[in-house]
Every structure is written in C-alpha cells, then in structure tokens.
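Read through the structure below, which is laid out as structure tokens, and then see the notes.
Side chains are part of it too, since the values below use all heavy atoms of this structure and drop only hydrogens, waters and symmetry mates.
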Amino acid sequence: MASSLTCAGVIWALLSFLCAATSCVGFFMPYWLWGSQLGKAVSFGTFRRCSYPVHDESRQMMVMVEECGRYASFQGIPSAEWRICTIVTGLGCGLLLLVALTALMGCCVSELISRTVGRVAGGIQFLGGK
C-alpha cells in the first residue's frame, strides 16, 4: 500500500483521528457538567441533557424527568449563547473529523497529501480545536 505520508505523518494521522473521535463523542454525550437539582443528579452537554425539571400542570409544581434526551428543536435550547456554543463546537468537530479522515486516506493513497496540503490541514485542525 503506497502512502504519501512520512512516519511522522502517519503518527499525526492516527493521533488526529483519535482526537477527532474523542471530540465528537464528547460533543454528542450529555456529560459535560454534573450537579444536582431538586435532590436529583443532573448532567448536560451542548444539546443533550439528563434528568431535567419540567412544570407539571396537574400538580402545579416542578418535577424531575429522570431520562436523557435532546432538545425538541434548535430553538428549544435555552439561550442564544448556548445555541452558539452548539454550532461552534459542532463545526469544530466536523473540521477535526474532515482533516483526520483526509490524513488517514493519505496513509493509503500516494500523492494525496503534499507539504502544502499538510500545512493547510494543520491550520484547519488548529481552527477546529480552538
């Protein structure tokens, strides 16, 4: 199998894929912050949450829903800042994954990644991880 990467490039490709996969899993899992509310353990991420309070109309009080779920819509995310965080984090994960998959393809295909492409990919990784 021909490769357009040096030994350092192959290590970069593998570490890039590992970091991109870790970032994507962290983005999709709702375990960014842990705490308690109304006596129950709660956690949430950018667009998922576990154990969240809802207003029960029949009892006229707040009750805890003890399940994990996503917000029903993008507008259901509580604040504009939280929505921006979701977009920026999602775009960063996408960029990291794009560069990592391109680098992995460079391990198998000759003449795919030149020095310039490698530098551009490193710059995209820097922006994606920022």
Side-chain angles (χ1 to χ4, degrees):
M1 202 178 321
S3 174
S4 60
L5 298 175
T6 63
C7 183
V10 171
I11 292 170
W12 166 68
L14 295 175
L15 287 176
S16 294
F17 183 74
L18 180 66
C19 290
T22 303
S23 296
C24 289
V25 167
F27 176 62
F28 286 108
M29 300 307 283
Y31 306 116
W32 283 25
L33 295 174
W34 286 90
S36 64
Q37 188 175 21
L38 300 174
K40 306 282 183 181
V42 296
S43 66
F44 68 93
T46 55
F47 67 97
R48 293 184 64 155
R49 64 196 189 265
C50 289
S51 300
Y52 50 92
V54 294
H55 188 265
D56 187 358
E57 294 293 329
S58 63
R59 296 190 285 181
Q60 295 297 317
M61 62 183 290
M62 296 295 283
V63 295
M64 291 297 288
V65 176
E66 296 188 54
E67 61 184 28
C68 290
R70 292 185 175 98
Y71 292 102
S73 68
F74 187 70
Q75 297 304 321
I77 296 176
S79 68
E81 293 83 3
W82 200 332
R83 287 184 215 120
I84 291 169
C85 177
T86 300
I87 291 170
V88 170
T89 305
L91 286 174
C93 287
L95 288 173
L96 291 174
L97 201 56
L98 175 71
V99 169
L101 292 176
T102 302
L104 285 177
M105 286 191 305
C107 292
C108 303
V109 178
S110 63
E111 304 301 321
L112 178 67
I113 299 180
S114 64
R115 182 178 296 270
T116 304
V117 171
R119 289 180 178 162
V120 170
I124 291 172
Q125 264 186 327
F126 179 75
L127 288 175
K130 210 164 188 193

With sequence neighbours left out, the residues meeting side-chain contact (heavy atoms from CB on, under 4.5 Å) with E81 are S79
Taking only distance into account, with no hydrogens and no angle test, what donor-acceptor pairs under 3.5 Å do side-chain atoms of residues 10-17 form with protein atoms, sequence neighbours excluded?
unit_1	atom_1	unit_2	atom_2	d
W12	NE1	S16	OG	3.3
W12	NE1	Q125	OE1	2.9
S16	OG	W12	O	2.7
S16	OG	Q125	NE2	2.6

Using every non-hydrogen atom in the two residues, find where L18 and T22 come nearest and quote the distance to one decimal. O-OG1, 2.8 Å
Same apolar cluster (I L V M F W Y, side chains within < 4.5 Å links), I87/F27: yes
Sequence neighbours left out, what pairs pass ring-ring contact (aromatic ring centres under 6.0 Å, His included) with at least one residue falling in residues 79-118? F44-W82, Y71-W82
Gap between atom CD1 of I84 and atom OG1 of T89 - 0.5 Å precision: 11.0 Å
Using the test side-chain hydrogen bond (donor to acceptor under 3.5 Å, both in side chains), find all partners of T116 that sit at least two apart in sequence or belong to another chain. none
Only pairs at least two apart or in different chains count here, so list each ring-ring contact (aromatic ring centres under 6.0 Å, His included) that has a residue in residues 97-119. none
side-chain hydrogen bond (donor to acceptor under 3.5 Å, both in side chains) involving Q60 - partner list, sequence neighbours excluded: none
